[in-house]
Each structure stands twice: as C-alpha cells, then as structure tokens.
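Let me begin by presenting the structure, written as structure tokens, before commenting on it.
Below, all heavy atoms of this structure are taken into account, side chains as well, without hydrogens, waters or symmetry copies. None of these values were measured; they are calculated from a predicted model.
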Amino acid sequence: MNIIKLFKNQRLFLTIQNISEILGINEVSACNLASRYVKKDVLIRLKKNIYVLRSKVNQLQTEDQYYLSNIIQTPSYISLMTALSYYEITTQITRNVIESISLVRSKYYEKDKFLFNYTKIKPVLYFGFERKENFFIAIPEKAFIDAIYLESFGKYKLDITSIDLKKLSYSKLMRIVNRFPKRTKLRLKKIFSIYLYNE
C-alpha cells in the first residue's frame with residue numbers, strides 16, 4: 001500500500017518530509033521506510049534527503065535531469081557541452097554526462113543512471129546563466145566561454161570542429177570574456193581568427 005501511494009505521487013523527487021506527508025506517518029518512520037526502500041531498490045538516494053523512485057528513472061525528461069543536477073549541488077548551472085548540445089550548437093556527445101558549473105566544489109557524481117559532473121569556478125566568473133522552466137542553464141555564449149576557459153588551463157577537452165560558431169553572438173562573447181583571464185581571451189580570438197580565415 002505504501003509503495004502504491006508513492007508511485008501515484010507526481011513529484012520529480014521525494015524528501016523525507018514528502019514521504020511523511022504522502023503516507024501520513026511521522027518523519028522518523030518515513031526515514032526508516034526510505035532506508036528500507038533504498039535497500040530494496042525501490043528508491044534511489046541521490047543525496048541526503050533527495051530520493052527518486054526507481055520506476056520513474058527511465059521516464060525522466062532531459063529537463064528533469066537538469067533540474068536534479070541543480071538540486072544535487074547548489075548553487076550550480078548547466079554549462080559546457082551539455083548546454084551547447086541543449087541549444088543545438090554542438091554535435092559533440094557528452095555520453096549522458098550532465099555538465100555543470102558550480103561555486104561549491106569540482107565533483108564527478110555517478111549514481112545508477114545519473115551522471116553529473118560539476119566543475120568549480122571562481123565567484124567572479126559565476127554569471128551568464130538564466131532560468132528555463134525549473135532549471136538554471138548558461139546562455140550559449142557563456143557555456144562556450146566556460147568551455148574554452150577550462151580548456152585553456154588543461155581542465156577540459158573541447159572539440160571546436162563540433163561547434164557551429166555561427167550560432168554564437170560574437171559581441172556577447174567579447175562582453176563575457178572581458179571578465180576572464182588573458183589566456184581565455186587569447187584562446188577565443190584565436191578560435192575566431194581561424195574560423196573567419198576558413199570562411
């Protein structure tokens with residue numbers, strides 16, 4: 001009966017408080033129940049007090065996974081190739097890994113079918129994102145600058161040939177890159193000088 005009630009709920013994820021409310025039990029009992037259901041593989045524990053029903057994993061939309069990525073590590077926003085792929089600016093595949101920029105720490109998080117990769121960035125560079133539906137994602141130009149910034153320091157692999165630079169605003173890129181180190185600025189100019197030369 002408890003499992004059926006949980007299955008019928010429409011929430012993307014569950015907290016102990018949610019389980020307590022749905023089943024009409026106290027939070028201590030809800031916590032114990034959640035632990036049992038994790039062991040029985042009914043629930044997947046993504047982090048402390050964040051659970052997803054196993055039966056809903058394959059039904060999650062891309063946007064749902066982006067939202068979960070934001071929730072698991074806060075604050076963070078979707079960026080890099082994941083964001084560029086979302087905007088259909090790159091053909092580079094991130095192998096189901098959702099890439100995010102974070103203020104907290106760099107961390108690769110793997111749990112069942114969930115693959116989240118967070119890269120820490122300096123607070124001064126933490127900007128250039130917006131809310132879409134219920135998740136935060138870099139605007140296209142910021143996602144690209146984040147990528148070349150990390151690449152310029154040897155922290156990211158970037159396939160420039162996979163990116164349709166025509167879909168990026170050069171004026172926005174130049175405004176954004178002004179807040180980045182000189183190495184990133186030089187890398188951006190080099191990319192576009194090669195691109196314009198080949199046009």
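Counting all heavy atoms, side chain and backbone alike, I148 lies closest to I191 at CG2-CD1, 3.7 Å. When every heavy atom of D159 is checked against every heavy atom of S162, the shortest pair comes out as O-OG, 2.7 Å. Residues R179 and V124 share a closest heavy-atom pair of NH2-O, 3.5 Å. When all heavy atoms of I16 and C31 are compared, the closest pair comes out as CD1-CA, 3.6 Å. Of all the heavy atoms in S20 and A30, the pair that sits closest is N-CB, 3.8 Å. Contact record, K120 with S106: N-OG, 2.9 Å, taken as the closest heavy-atom pair.
The distance from the CD1 atom of I22 to the CG atom of L6 is 5.5 Å, given to the nearest 0.5 Å. In this structure, OG1 in T90 is found 10.0 Å from CG in L165, a value given to the nearest 0.5 Å. In this structure, CG on N9 lies 4.5 Å from CG on L14, to the nearest 0.5 angstrom. The NZ atom of K107 sits 7.0 Å away from atom CD of Q73, with the distance rounded to the nearest 0.5 Å. Between the CD1 atom in I121 and the OG atom in S76 there is a gap of 12.5 Å [rounded to 0.5 Å]. Taken from CZ in F136 to CG in N70, the straight-line distance is 7.0 Å, to the nearest 0.5 Å.
Between the side chain of S85 and the backbone N or O of T82 there is no donor-acceptor pair closer than 3.5 Å. Looking only at distances, no side-chain donor or acceptor of Y66 sits under 3.5 Å from a matching main-chain atom of I98. With E133 contributing its side chain and R131 its backbone, the two residues share no donor-acceptor pair below 3.5 Å.
Applying the side chain to side chain contact (heavy atoms under 4.5 Å, CB included) criterion to S55, with sequence neighbours excluded, gives F7, L53. Among residues two or more places apart in sequence or in another chain, the side chain to side chain contact (heavy atoms under 4.5 Å, CB included) test is passed with K155 by L150, F153. Here E63 pairs with nothing under the side chain to side chain donor-acceptor pair (under 3.5 Å) rule; sequence neighbours left out. Residues satisfying the side chain to side chain donor-acceptor pair (under 3.5 Å) criterion with N18, sequence neighbours excluded, are T15. Take E141 and apply the side chain to side chain contact (heavy atoms under 4.5 Å, CB included) test, not counting sequence neighbours, and it matches I139, L168, S169, K172, L173, I176. A search for ring pair (Phe, Tyr, Trp, His ring centres under 6.0 Å) contacts involving Y87 returns nothing, not counting sequence neighbours. Applying the ring pair (Phe, Tyr, Trp, His ring centres under 6.0 Å) criterion to Y126, with sequence neighbours excluded, gives Y77, F129. With sequence neighbours excluded, the residues that form a side chain to side chain contact (heavy atoms under 4.5 Å, CB included) with Y170 are M174, F192. Residues passing the side chain to side chain donor-acceptor pair (under 3.5 Å) test with Q65: none are found, sequence neighbours excluded.
Pairs of residues two or more places apart, or lying in two chains, never qualify as ring-ring contact (aromatic ring centres under 6.0 Å, His included) while including a residue from residues 11-62. Annotation: salt bridge (charged side-chain N to carboxylate O under 4.0 Å, His left out) contacts involving residues 45-57, sequence neighbours excluded, comprise D41-R54, R54-D112. Within the structure, salt bridge (charged side-chain N to carboxylate O under 4.0 Å, His left out) pairs that include any residue of residues 25-40 do not occur (at least two apart or interchain).
Taking the centre and axis of the six-membered ring of F180, the NZ or CZ atom of K185 falls outside the cone set by 45° and 6.0 Å.
Taking the side chain as every heavy atom from C-beta outward, F127 and K142 approach each other to under 4.5 Å. Side-chain atoms of I160 and F144, non-hydrogen and from C-beta on, do get closer than 4.5 Å to each other. Two residues are said to be in side-chain contact when any heavy atoms from C-beta on lie closer than 4.5 Å; D146 and Y156 fail this criterion.
Around atom NZ of K167, more than 12 heavy atoms belonging to other residues, nucleotides or ligands sit under 6.0 Å away.
Using the six-membered ring where Trp is involved, F116 and F114 have ring planes that are parallel, under 30° apart on the 30 and 60° scheme.
K113 and N96 share no side-chain donor-acceptor pair at under 3.5 Å.
There is a path of hydrophobic side-chain contacts, each under 4.5 Å, that joins V57 to F135.
For the pairing with L12, the side chain to side chain contact (heavy atoms under 4.5 Å, CB included) check across I71, L68, V52 returns one residue only, L68.
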